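Since the structure comes first, as structure tokens, the remarks are kept for the end.
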Amino acid sequence: MTRFIFALLGLGLAVTVAAVDLTDAQRSDIEARIKPMGEVCLQGDTSCGGPAVVANAGPRSGEDVYNAACMACHASGVAGAPMQGDVTAWADRIAKGTDVLYASGVNGVAGTGMIAKGGCMTCSDEEIHAAVDFMIAGSQ
Ligand code: HEC
């Protein structure tokens, strides 16, 4: 019995030593295998090789902007916001023309809960226009 335990201990030691005692080649081999997948390559960084996963790839889609910045009020009608998909609530607004709605999106509607850019100060005008397009398309 005691011999058996010593044998196990010996085996454990052998395994431990083997795990620590790697050659440089083995080590870099293992590091390559456990490297995280899909590493982000920043725009303009050519050191990554292959097609770069660009972190900031142009303007966000209207749907993305809507989900991030507009849905909070327009999904539920907070503060009298015309609800997304509510054809009746949007009909008169859409009749004013897209440019008017773009301007409301970018500048807000004075005296109402519709603040400039829905509060998304990192959104470009272009992204707000896309969000307005998305809202119009889903509400007529
Ligand atoms: C804090 C709440 C809130 C957020 C966030 C918000 N809205 Fe609004 N929005 C309103 C309210 C309230 C109105 C109605 C204003 C009124 O009485 O004409 C409105 C109206 C609008 C209108 C119609 C304006 C018009 O001239 O008839 C557009 C277009 C619009 N919002 C776009 C957006 C977009 C795009 C976003 C996201 C980038 C957004 N809103 C985020 C509250 C919000």
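Whatever order the structure lists them in is the order used to number ligands and atoms, beginning at 1. Each residue takes its place number in the sequence, starting with 1. Computed from heavy atoms alone, side chains included, the values below leave out hydrogens, waters and symmetry copies. Bear in mind that the values here come from a model prediction, so they are computed numbers and not experimental data.
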Protein heavy-atom partner closest to [atom] - residue, atom, separation in Å:
atom                    : value
atom 29 (C) of ligand 1 : Leu101 O, 3.7 Å
atom 22 (C) of ligand 1 : Trp90 CH2, 3.9 Å
atom 5 (C) of ligand 1  : Ala69 O, 3.3 Å
atom 12 (C) of ligand 1 : Ala79 O, 3.2 Å
atom 18 (O) of ligand 1 : Arg93 NH1, 2.9 Å

Shortest non-hydrogen contact between [X] and [Y], atoms and distance:
X      : Y      : answer
Ser139 : Trp90  : CB-CD1, 3.3 Å
Gly105 : Val132 : CA-CG2, 4.4 Å
Tyr66  : Gln84  : OH-CB, 3.1 Å
Gly77  : Met83  : N-CG, 3.3 Å
Val78  : Ala72  : CG2-O, 3.6 Å
Pro82  : Arg93  : CG-NE, 3.4 Å

As an exercise, identify every atom of ligand 1 less than 4.0 angstrom from a heavy atom of [X].
X      : value
Val132 : 35 (C)
Lys117 : 38 (C)
Ile128 : 38 (C)

Calculate, to the nearest 0.5 Å, the distance between atoms [atom1] and [atom2] belonging to [X] and [Y] respectively.
X      : Y      : atom1 : atom2 : answer
Lys117 : Ile115 : NZ    : CD1   : 12.0 Å
Met71  : Glu63  : CE    : CD    : 10.5 Å
Glu127 : Thr122 : CD    : OG1   : 7.0 Å

Cys73: what forms a disulfide bond (SG atoms under 2.5 Å apart) with it, not counting sequence neighbours?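 Scan of Cys73 (disulfide bond (SG atoms under 2.5 Å apart), adjacent residues dropped) gives none.
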Can you spot which of Asp99, Val106, Thr98, Leu101 makes a side-chain contact (heavy atoms from CB on, under 4.5 Å) with His129? Val106
Contact between [X] and ligand 1, counting heavy atoms under 4.0 Å?
X      : value
Cys120 : no
Lys96  : yes
Gly119 : no

Checking the N or O distance criterion of under 3.5 Å, is ligand 1 in contact with Thr112?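 In fact, backbone or side chain, Thr112 has no N or O that close.
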Using heavy atoms and a threshold below 4.0 Å, how should the contact between Met135 and ligand 1 be classified: side chain, backbone, both, or neither?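 It is the side chain that gets close, since no backbone atom is under 4.0 Å.
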Quick check: do Arg60 and Asn67 have side-chain heavy atoms less than 4.5 Å from each other? no
Nearby protein N/O/S atoms (those under 2.8 Å) for atom 8 (Fe) of ligand 1, with water ignored: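 Less than 2.8 Å away from atom 8 (Fe) of ligand 1 sit His74 NE2, Met114 SD.
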